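In what follows, a structure is listed as structure tokens, so that the remarks can point back to it.
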Amino acid sequence: MFCEKNCKYCDKYAECGCEGCEYARQNFGCELAECCREKKHDSCLTCNKSDYCELYKNRDFMPIEHMKKTGSFDERNHLLYKWLPLLLGLMIIKTAVNIALSYLLIKSPDLFVILSGATALIIGGFHTYILYKIKSASKGFALASLLIPISIVLAVAASLFTIFNVNAAVFIIFAAIANVVSVSEEYDAHSAVVLGIEDNNSRKWIQLWKVYSAVILLYLISLLAAYYNELNMFILIICIAVMAIESILEIVFLYSNLVVFKDICKRRK
């Protein structure tokens, strides 16, 4: 491509509906691509002005401009403005339930595993449905909507095995892995949809993922230790506290994204 980005590996290609330079001649015409054609350059890198060219510096935002010109920008924003309030409410409920379940982990690990499966089935089901409805906004939402049901099935299987006094450690581990990957995809999607609109929000989601990935590993170790009656109470309490903070930050960031799309929808009425 003219901007030296391979469409195949560009997340905006799928997320923003960008069709790439190949088809730009027949559509709105990317300014950067048109500039290269006019100056007869194969790409921006053959231009001696690329180091200080504003078009080249802002190449990551070109898909946003494409969306504005084709109308898909407004469609995506209204879609997110419609469904993010429901996702926000669900995350508040999920955080409250997880905090309550964490108390059970201290008192009764087996009961924790059983109830975790039940709540995963209910809350995870609603979560999957919402992400499925907004899957067109970002491929990350689509992938997360596929991974969450997998983690639900594994969590329910762990609950059933625990009820019948069968070792459920393998199901617990794989449920956690599926959950981690789904969270990664969802956070990436939340970051991507505000990239080029509110970059500060976009960076916060990436930072939040780093916190989550570190804490979930320690939390999983604590969970397995509790399951095998080798619980380190101090580590567990730290994990619960940090996970609660991470969940609250997720709610705050979700609200920030919602405000962004609310403002855009009002301005572009």
Side-chain angles (χ1 to χ4, degrees), residues 8-16 76 79-80 83-84 86-95 97-98 101-102 112-162 168-195 202 204-224 239 242-243 246-247 249-251 253-254 257:
K8 182 179 178 181
Y9 300 107
C10 177
D11 55 355
K12 305 300 177 303
Y13 185 69
E15 291 167 358
C16 298
R76 186 198 68 171
L79 179 69
L80 292 170
W83 289 99
L84 283 186
L86 295 176
L87 184 59
L88 178 63
L90 184 66
M91 291 302 102
I92 292 173
I93 294 172
K94 181 180 178 181
T95 299
V97 169
N98 284 343
L101 285 175
S102 296
F112 167 82
V113 174
I114 294 170
L115 291 181
S116 290
T119 56
L121 184 62
I122 298 170
I123 296 177
F126 283 110
H127 194 181
T128 300
Y129 178 74
I130 294 172
L131 294 183
Y132 178 80
K133 298 299 287 186
I134 61 174
K135 66 177 183 177
S136 60
S138 171
K139 64 180 179 181
F141 292 135
L143 290 172
S145 70
L146 294 175
L147 288 165
I148 291 174
I150 295 174
S151 67
I152 291 173
V153 170
L154 292 169
V156 171
S159 298
L160 293 175
F161 272 62
T162 302
V170 173
F171 290 99
I172 293 173
I173 292 172
F174 280 103
I177 292 172
N179 182 64
V180 167
V181 178
S182 70
V183 170
S184 173
E185 292 295 336
E186 184 179 352
Y187 282 12
D188 281 346
H190 285 304
S191 174
V193 294
V194 291
L195 182 64
S202 181
K204 286 179 179 178
W205 283 104
I206 301 301
Q207 293 166 356
L208 186 63
W209 161 244
K210 292 177 181 178
V211 174
Y212 179 85
S213 58
V215 175
I216 197 66
L217 178 61
L218 192 58
Y219 187 74
L220 180 59
I221 293 172
S222 298
L223 179 59
L224 291 173
C239 287
V242 177
M243 286 291 286
E246 189 275 337
S247 296
L249 287 174
E250 180 182 359
I251 292 169
F253 296 167
L254 262 177
N257 277 20

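Small disclaimer: the values here were computed from a predicted structure and weren't measured.
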After noting the C-alpha distance and the side-chain angles of Phe126 and Ile93, does the key distance pass the side-chain contact (heavy atoms from CB on, under 4.5 Å) rule? CA-CA 11 Å; Phe126 283 110; Ile93 294 172; over 6 Å; no

Phe171 meets the ring pair (Phe, Tyr, Trp, His ring centres under 6.0 Å) criterion, sequence neighbours left out, with Phe161

Item to complete: List the steps and the verdict of side-chain contact (heavy atoms from CB on, under 4.5 Å) for Tyr129 and Trp83.
Response: CA-CA 10 Å; Tyr129 178 74; Trp83 289 99; 3.8 Å; yes

Closest non-hydrogen contact found for Ala144 with Leu131 is CB-CD1, 3.6 Å

Distance col, row Asn179:CG vs Ser184:OG, nearest 0.5 angstrom, shows 11.0 Å

Original post:
Any side-chain heavy-atom pair from Leu249 and Trp205 closer than 4.5 angstrom?
Top reply: no

Nearest heavy-atom approach of Leu147 to Ser182 is CB-CB, 3.6 Å

Of all heavy-atom pairs linking Ala175 and Ser151, the shortest is O-CB, 3.7 Å

Distance col, row Ile134:CD1 vs Leu84:CG, nearest 0.5 angstrom, shows 5.5 Å

### Task
Verify side-chain contact (heavy atoms from CB on, under 4.5 Å) between Lys210 and Ile206, making sure each step is shown before the conclusion.
CA-CA 7 Å; Lys210 292 177 181 178; Ile206 301 301; 4.3 Å; yes

Heavy-atom nearest pair, Met91 first then Leu254, reads CG-CD1, 3.6 Å

Do the non-hydrogen side-chain atoms of Leu146 and Lys135 ever get within less than 4.5 Å of each other?
no

Begin with the C-alpha distance, continue with both residues' side-chain angles, and end with the deciding distance and a verdict on side-chain contact (heavy atoms from CB on, under 4.5 Å) for Ile152 and Ile148.
-> CA-CA 6 Å; Ile152 291 173; Ile148 291 174; 3.9 Å; yes

Residues at least two apart in sequence or cross-chain that pass side chain to side chain donor-acceptor pair (under 3.5 Å) with Glu185, listed by chain then number, are none

Taken to the nearest 0.5 Å, the spacing of Lys94 NZ from Leu101 CG works out to 11.5 Å

Looking only at heavy atoms, the pair that brings Ser247 and Thr95 closest together is CB-OG1, 3.4 Å

Between His190 and the options Leu87, Leu208, Leu80, the side-chain contact (heavy atoms from CB on, under 4.5 Å) test singles out Leu87

**Prompt:** So Tyr187 and Tyr212, would you call those rings parallel, tilted or perpendicular, with 30° and 60° as cut-offs?
**Reply:** perpendicular

Q) Is there a donor in the side chain of Thr128 and an acceptor in the side chain of Ser145, or the other way round, less than 3.5 Å apart? A) no

